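Throughout, a chain's letter reflects where its sequence line sits, starting with A, and its residues are numbered from 1. Note that the coordinates shown come from a computational prediction; the quantities given were computed from them, not determined experimentally. Hydrogens, waters and symmetry mates are skipped; everything else that's a heavy atom, side chains included, is used.
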2 protein chains.
Amino acid sequence: MRSAVNTPFPVSHGSAAQRIESELRRLIVALELPPGVRLSESDIAERHGVSRQPVREALIGLARTRLVEIQPQRGTVVVKISVRKMMEARFVREAIETAVVRRACSSFDRQSRERINDLLEMQEQAARRDDHAAFQRYDELFHIALAEGAGCPLAWEAVQDIKAHMDRVCQLTLPGPEAMLPLIEQHRTIMSAIDAKDEDNAAEAMRRHLTEILRALPQVEAEHPELFSS
Amino acid sequence: MRSAVNTPFPVSHGSAAQRIESELRRLIVALELPPGVRLSESDIAERHGVSRQPVREALIGLARTRLVEIQPQRGTVVVKISVRKMMEARFVREAIETAVVRRACSSFDRQSRERINDLLEMQEQAARRDDHAAFQRYDELFHIALAEGAGCPLAWEAVQDIKAHMDRVCQLTLPGPEAMLPLIEQHRTIMSAIDAKDEDNAAEAMRRHLTEILRALPQVEAEHPELFSS
DNA sequence: TAGTGCATACTACCATACAAGCGTCGACCA
DNA sequence: TGGTCGACGCTTGTATGGTAGTATGCACTA
């Protein structure tokens with residue numbers, strides 16, 4: 001069994017379908033499979049050394065989260081980024097996560113609180129060495145720990161798919177440590193408000209955090225129009 | 001193209017997998033497939049006259065929304081109702097839908113507003129003739145129209161899976177018109193607040209509405225303990 | 001030259017067959 | 001009689017073959 005001490009990434013799941021889905025999701029979020037490219041069941045199956053069936057199940061899973069679009073009898077493509085839908089996604093995510101931090105102000109699990117400190121530290125290290133993948137993974141773990149600490153792990157599930165799309169945008173807007181470090185500072189601001197049990201400040205800090213993430217969206221759309229839908 | 005004037009239910013989707021998934025979801029939400037029962041790919045395939053593959057894909061889809069649990073190499077069961085998770089689900093749904101109605105107070109699509117009036121009327125008729133399925137379907141269409149009218153259809157997608165679980169509880173708590181009609185009145189209260197552009201009242205009305213839905217949850221747990229997880 | 005119909009090569013989709021893992025029941029043994 | 005081991009039947013998971021539908025490009029026509 002592979003050790004995971006040096007990486008925040010979990011080992012691959014059980015079935016081949018789940019493995020491939022995770023792998024494809026990673027590639028899509030990292031924009032290594034850019035929006036618009038066609039995905040062929042046969043190609044992917046061959047590349048991964050499995051049959052087409054598990055690949056098909058993986059693509060169905062990705063289609064459910066709107067990361068790919070399966071066009072019946074035609075093909076499967078990585079969906080392009082829609083500014084409108086990103087704005088809607090931010091709205092929904094803001095609604096959920098501001099509610100979570102408000103709840104966190106009432107009571108927060110001590111163990112999760114300590115874990116978050118560790119996560120923030122490791123996320124900062126990832127940012128300083130310009131490691132996007134690790135940065136985003138620790139960001140994910142931060143929001144997971146937040147939801148769990150607030151006693152609402154189900155909230156994470158609702159945010160998960162939305163976050164995947166936003167992370168795809170972040171891949172374009174976070175070109176270096178100087179762009180990542182402020183986000184970590186925002187995380188710390190959120191936690192300070194939670195520690196102080198200041199609901200309004202915590203919610204506002206989260207709101208600003210999520211707004212900030214998509215601030216540069218119009219700019220990257222101008223720079224990479226081929227990645228966006230009309 | 002089949003007319004749908006006499007039924008709020010859409011015609012079945014394209015692929016066999018989607019058809020079966022919709023059918024199974026309907027049966028599960030209606031508690032005709034009660035929590036705890038085992039689902040066999042072979043049985044369902046035979047019953048629907050298809051092979052195991054589309055059934056398998058349908059079950060994977062249902063597992064993603066946590067309506068069934070696939071136990072690898074063992075079997076697939078309809079998940080039992082968890083009071084704790086239902087409370088979390090209500091929390092998340094409340095966060096999203098209160099945000100939606102607040103947004104609706106700022107601007108609301110006129111066409112959607114008119115459609116909601118029709119939906120409420122039809123939902124009331126369904127309640128009076130004690131038609132649970134139609135009642136819940138119109139309830140769904142109400143919340144869809146609400147999200148669309150507020151300009152955030154993506155919010156519905158986030159709520160959809162949560163609502164499916166809550167509807168399963170409603171199947172137990174809404175035994176007659178006298179239980180359904182008050183919910184429609186709550187819908188009307190929400191719309192009145194939106195028409196008056198009163199954000200706080202609209203959000204509070206939505207909050208009370210969603211709280212009301214699960215009010216009888218402890219009671220039904222006592223009456224049907226076999227449907228609930230420990 | 002512009003336009004139309006057809007052959008072809010691709011796709012997703014479904015059916016069938018096989019493999020692998022888990023639980024259960026029964027035979028066998030102490 | 002109590003306990004242990006093993007074979008069988010069930011499940012999900014994977015591989016492979018075949019089908020139907022769509023886009024594309026080429027030959028043919030006006």
Side-chain angles (χ1 to χ4, degrees), chain A residues 1 10-25 27-28 33-80 226 229-230, chain B residues 1-2 10-25 27-28 33-80 229-230:
Chain A
M1 185 173 171
V11 295
S12 53
H13 301 73
S15 76
Q18 290 174 342
R19 271 204 324 270
I20 294 172
E21 180 175 344
S22 297
E23 173 70 3
L24 288 178
R25 171 172 280 112
L27 292 173
I28 292 174
L33 287 174
V37 301
R38 294 177 63 85
L39 300 178
S40 163
E41 289 184 358
S42 313
D43 284 1
I44 300 172
E46 198 172 354
R47 216 186 307 273
H48 286 75
V50 297
S51 77
R52 300 194 320 270
Q53 208 54 48
V55 174
R56 171 173 171 74
E57 290 172 6
L59 291 178
I60 290 176
L62 293 173
R64 191 169 287 267
T65 65
R66 303 282 196 274
L67 280 178
V68 306
E69 179 185 359
I70 300 177
Q71 301 161 335
Q73 315 295 352
R74 290 186 48 188
T76 301
V77 298
V78 179
V79 296
K80 297 204 171 186
E226 74 281 6
S229 62
S230 54
Chain B
M1 186 173 171
R2 255 179 59 191
V11 296
S12 54
H13 301 73
S15 76
Q18 290 174 344
R19 272 204 325 270
I20 294 171
E21 179 174 345
S22 297
E23 172 70 2
L24 288 177
R25 170 172 282 111
L27 291 174
I28 292 174
L33 287 174
V37 301
R38 294 176 61 86
L39 299 178
S40 165
E41 291 183 358
S42 312
D43 284 1
I44 300 172
E46 196 172 354
R47 217 185 307 273
H48 287 74
V50 297
S51 80
R52 267 185 49 216
Q53 209 52 49
V55 174
R56 173 175 171 74
E57 290 170 9
L59 290 177
I60 291 176
L62 293 173
R64 191 170 288 268
T65 66
R66 301 284 197 273
L67 279 178
V68 306
E69 179 185 357
I70 300 176
Q71 299 161 337
Q73 317 292 355
R74 290 187 50 190
T76 301
V77 299
V78 179
V79 296
K80 297 204 170 186
S229 63
S230 56

Quick one, B:Ile60 and A:Ile60 - any side-chain contact, counting heavy atoms below 4.5 Å?
no
Are any non-hydrogen side-chain atoms of A:Gln53 and B:Glu57 less than 4.5 angstrom apart?
-> yes
Which of A:Ile70, A:Ile44, A:Leu62 passes side chain to side chain contact (heavy atoms under 4.5 Å, CB included) with A:Thr76? Answer is A:Ile70
Per-nt protein contacts along nucleotides 6-15 of chain C (heavy atom under 4.0 Å; B base, S backbone sugar-phosphate only, - none) come out as -----BBBBB
- Query: Heavy-atom count around B:Arg66 CZ within 6.0 Å, excluding the residue itself: above 12?
  - Reply: no
task: Report yes if the side chains of B:Val55 and B:Leu39 come closer than 4.5 Å at any heavy-atom pair, otherwise no.
output: no
The reported gap from CG in B:Leu67 to CD in B:Glu21 (rounded to nearest 0.5 angstrom) is 9.0 Å
Please check if the number of heavy atoms outside A:Glu46 that lie under 6.0 Å from its CD is greater than 12. no
Students should find that the nucleotides of DNA chain D closing off the region near chain A, any atom under 4.0 angstrom from a heavy atom, are D:dT14 to D:dA23
